[in-house]
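Each chain gets a letter, A, B and so on, in the order the sequences are listed, and its residues count up from 1. All values below come from the heavy atoms of this structure, side chains included, with hydrogens, waters and symmetry mates left out.
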There are 2 protein chains.
Amino acid sequence: MNLSPEHKALLDNALIDSGLRSTRQREQVYGVIMSKQDHPTADEIYARAKASMPTISLATVYNCLETLVDCGLVRQVNFDREPSRYCPNLKEHAHFYCKETGEVFDIDLSGQAIHELRRQLPEGFEMESFELSYHGKTHSN
Amino acid sequence: MNLSPEHKALLDNALIDSGLRSTRQREQVYGVIMSKQDHPTADEIYARAKASMPTISLATVYNCLETLVDCGLVRQVNFDREPSRYCPNLKEHAHFYCKETGEVFDIDLSGQAIHELRRQLPEGFEMESFELSYHGKTHSN
DNA sequence: TTGATATTTTGGAATGATTCTAAATATTAC
DNA sequence: GTAATATTTAGAATCATTCCAAAATATCAA
């Protein structure tokens, strides 16, 4: 729900650019993702979306998520073969997965680090994107 | 099949260290993975293993793969939510996934790059492993 | 060897995230 | 408003993987 005017405009423009329609459900799903800085699964997004739109279906949540990812408004993040998670942070960044709690944290990457990553690719490999995930534990202090 | 004596010893030691038994099936599956420098899925490993052990079952292939991964003899590699692949290369390295052909390539990482990756983690994040995968296209020349 | 015991293998059923389907509904352009 | 098109929906289907319980095998001690 409560999508800020900026996000609403961002969404509408992205949809129009892709020749897609603006719908209540797409707004709702986008709103759910933008309104909390975490990494929910489709099920979690479904639960949050239903809170203020009780008729939305899980299939629609999946449809909307695919649309949002394709439009570049949301990032899909996978850890091993666990259910996909969705990330509102569009900056080039990495993720840290805590084995103890299952929590996921965004990790900022320095320009130097990103440069170094690109540097590793030999001739003939044309990178379009990369995914970097750390696994481990977090100290609670 | 045809597991080299070195690999056979490696496997047996690793199994004993973990309190597990050496079986024909574990040897077979390990042999299949070590005998070709690629990134097969469980299905592909099953097909290759059956060629010289027609009675092996898919469930056993999955069991053996889990064992080998747990023993640290083989790496499990995931791209998005595609079927898991298995990698004989135990060096710390990255993967390049070609969107056009579906091929997977090992990418060596310099010590500097690995150091830079570790450097990105703030206080309180204790890394145990990382996964880095590049997506893009490969020039064929 | 020969059991006795624990582990492993096996085929088939179960699971669970995701995708598909086809009908109902909403959005857009005129 | 109406026609044309896109989207939503509930439920069925998919498919990689895991679970199950029975049969086979490996290990160990005598």
Side-chain angles (χ1 to χ4, degrees), chain A residues 8 11-32 39-50 52-71 73-74 76-86 102 104, chain B residues 8 11-32 39-50 52-71 73-74 76-86 102 104:
Chain A
K8 167 73 170 137
L11 172 60
D12 285 352
N13 288 335
L15 290 172
I16 288 166
D17 285 355
S18 300
L20 299 170
R21 294 177 180 174
S22 184
T23 67
R24 286 186 310 123
Q25 289 84 345
R26 284 173 178 161
E27 248 181 62
Q28 174 74 357
V29 169
Y30 187 51
V32 161
H39 299 82
T41 63
D43 269 346
E44 287 162 351
I45 293 165
Y46 178 47
R48 293 183 201 172
K50 265 206 298 203
S52 54
M53 182 184 276
T55 58
I56 196 170
S57 75
L58 180 57
T60 297
V61 169
Y62 274 105
N63 289 341
C64 291
L65 288 171
E66 187 182 18
T67 300
L68 295 174
V69 169
D70 288 350
C71 289
L73 293 167
V74 162
Q76 184 168 7
V77 181
N78 295 294
F79 296 99
D80 305 325
R81 303 206 85 255
E82 290 190 0
S84 288
R85 293 161 177 275
Y86 296 86
V104 176
Chain B
K8 166 74 169 137
L11 172 61
D12 286 352
N13 287 336
L15 289 172
I16 288 165
D17 285 355
S18 301
L20 300 170
R21 293 176 180 175
S22 184
T23 67
R24 286 184 312 120
Q25 289 85 346
R26 284 173 178 160
E27 247 181 61
Q28 174 75 356
V29 169
Y30 187 52
V32 161
H39 299 82
T41 63
D43 270 344
E44 286 163 351
I45 293 166
Y46 177 47
R48 293 183 201 171
K50 264 206 298 200
S52 55
M53 183 184 275
T55 58
I56 198 171
S57 74
L58 180 56
T60 298
V61 169
Y62 273 104
N63 289 340
C64 292
L65 288 172
E66 187 181 18
T67 301
L68 295 173
V69 169
D70 288 350
C71 290
L73 293 167
V74 163
Q76 183 168 9
V77 181
N78 295 294
F79 296 99
D80 304 325
R81 302 205 86 253
E82 290 189 2
S84 288
R85 292 159 178 276
Y86 296 86
V104 176

What is the distance from [atom1] of [X] to [atom2] of [N], rounded to the nearest Å?
{"X": "B:Glu66", "N": "D:dT18", "atom1": "CD", "atom2": "P", "result": "6 Å"}
{"X": "B:Gln76", "N": "D:dT18", "atom1": "CD", "atom2": "C1'", "result": "13 Å"}
{"X": "B:Ile16", "N": "D:dA26", "atom1": "CD1", "atom2": "C1'", "result": "13 Å"}
{"X": "B:Leu15", "N": "C:dT8", "atom1": "CG", "atom2": "P", "result": "9 Å"}
{"X": "A:Tyr62", "N": "D:dT7", "atom1": "OH", "atom2": "P", "result": "20 Å"}
{"X": "A:Asn63", "N": "D:dT8", "atom1": "CG", "atom2": "P", "result": "7 Å"}
{"X": "B:Leu68", "N": "C:dT8", "atom1": "CG", "atom2": "C1'", "result": "14 Å"}
{"X": "A:Asp80", "N": "C:dG16", "atom1": "CG", "atom2": "P", "result": "18 Å"}

Self-check item: Contact residues, residues 40-50 of chain A to DNA chain D [heavy atom, < 4.0 Å]
Solution: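 When residues 40-50 of chain A is checked for heavy atoms under 4.0 Å from DNA chain D, there are no hits whatsoever.
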Exercise. Please tell me if the side chains of B:Thr23 and B:Leu15 come closer than 4.5 Å, counting only heavy atoms from C-beta onward.
Key: no
Quiz item: Got A:Val104 and A:Val77 here, is their nearest side-chain heavy-atom distance under 4.5 Å?
Solution: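 Contact flag for A:Val104/A:Val77 side chains = no.
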Self-check item: Residue mapping more 5' on DNA chain C - nearest nucleotide basis, B:Arg81 or B:Leu58
Solution: B:Leu58
Could you tell me the separation between the [atom1] atom of [X] and the [atom2] atom of [Y], rounded to the nearest 0.5 Å?
{"X": "B:Ser18", "Y": "B:Arg21", "atom1": "OG", "atom2": "CZ", "answer": "14.0 Å"}
{"X": "B:Ile56", "Y": "B:Arg24", "atom1": "CD1", "atom2": "CZ", "answer": "8.5 Å"}
{"X": "B:Tyr86", "Y": "B:Ile45", "atom1": "OH", "atom2": "CD1", "answer": "6.5 Å"}
{"X": "A:Cys64", "Y": "A:Glu27", "atom1": "SG", "atom2": "CD", "answer": "10.5 Å"}
{"X": "A:Asn78", "Y": "B:Asn78", "atom1": "CG", "atom2": "CG", "answer": "8.5 Å"}
{"X": "B:Lys50", "Y": "B:Leu58", "atom1": "NZ", "atom2": "CG", "answer": "8.5 Å"}

Practice problem: Select one nucleotide: of C:dT10, C:dT8, D:dT9, the one nearest the side-chain heavy atoms of B:Ile56. | Solution: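 The answer is C:dT10, which lies nearest to the side chain.
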Quiz item: Considering only D:dA16, C:dT9, D:dA10, which nucleotide approaches the side chain of B:Pro83 most closely?
Solution: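 The closest nucleotide is D:dA16.
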Do [X] side-chain atoms and [Y] backbone N/O form a donor-acceptor pair below 3.5 Å?
{"X": "B:Arg26", "Y": "B:Leu68", "value": "no"}
{"X": "B:Glu66", "Y": "B:Asn63", "value": "no"}
{"X": "B:Arg81", "Y": "A:Glu82", "value": "yes"}

Quiz prompt | Contact letters for nucleotides 25-30 of chain C, in which S counts primed atoms plus P, OP1 and OP2 and B counts the base, heavy atoms under 4.0 Å | solution = -BBS--
Quiz prompt | Minimum heavy-atom distance between A:Ser22 and A:Asp12, given as atom pair plus value | solution = OG-OD1, 3.0 Å
Exercise. Please state whether the phosphate of D:dT17, meaning OP1 or OP2, lies under 4.0 angstrom from any side-chain nitrogen or oxygen of B:Ser84.
Key: yes
Quiz item: For the helix from C:dT1-D:dA30 to C:dC30-D:dG1, how many degrees between its two end axes (five pairs per end), to the nearest 10°?
Solution: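 Comparing the axis at each end, I get an angle of 40°.
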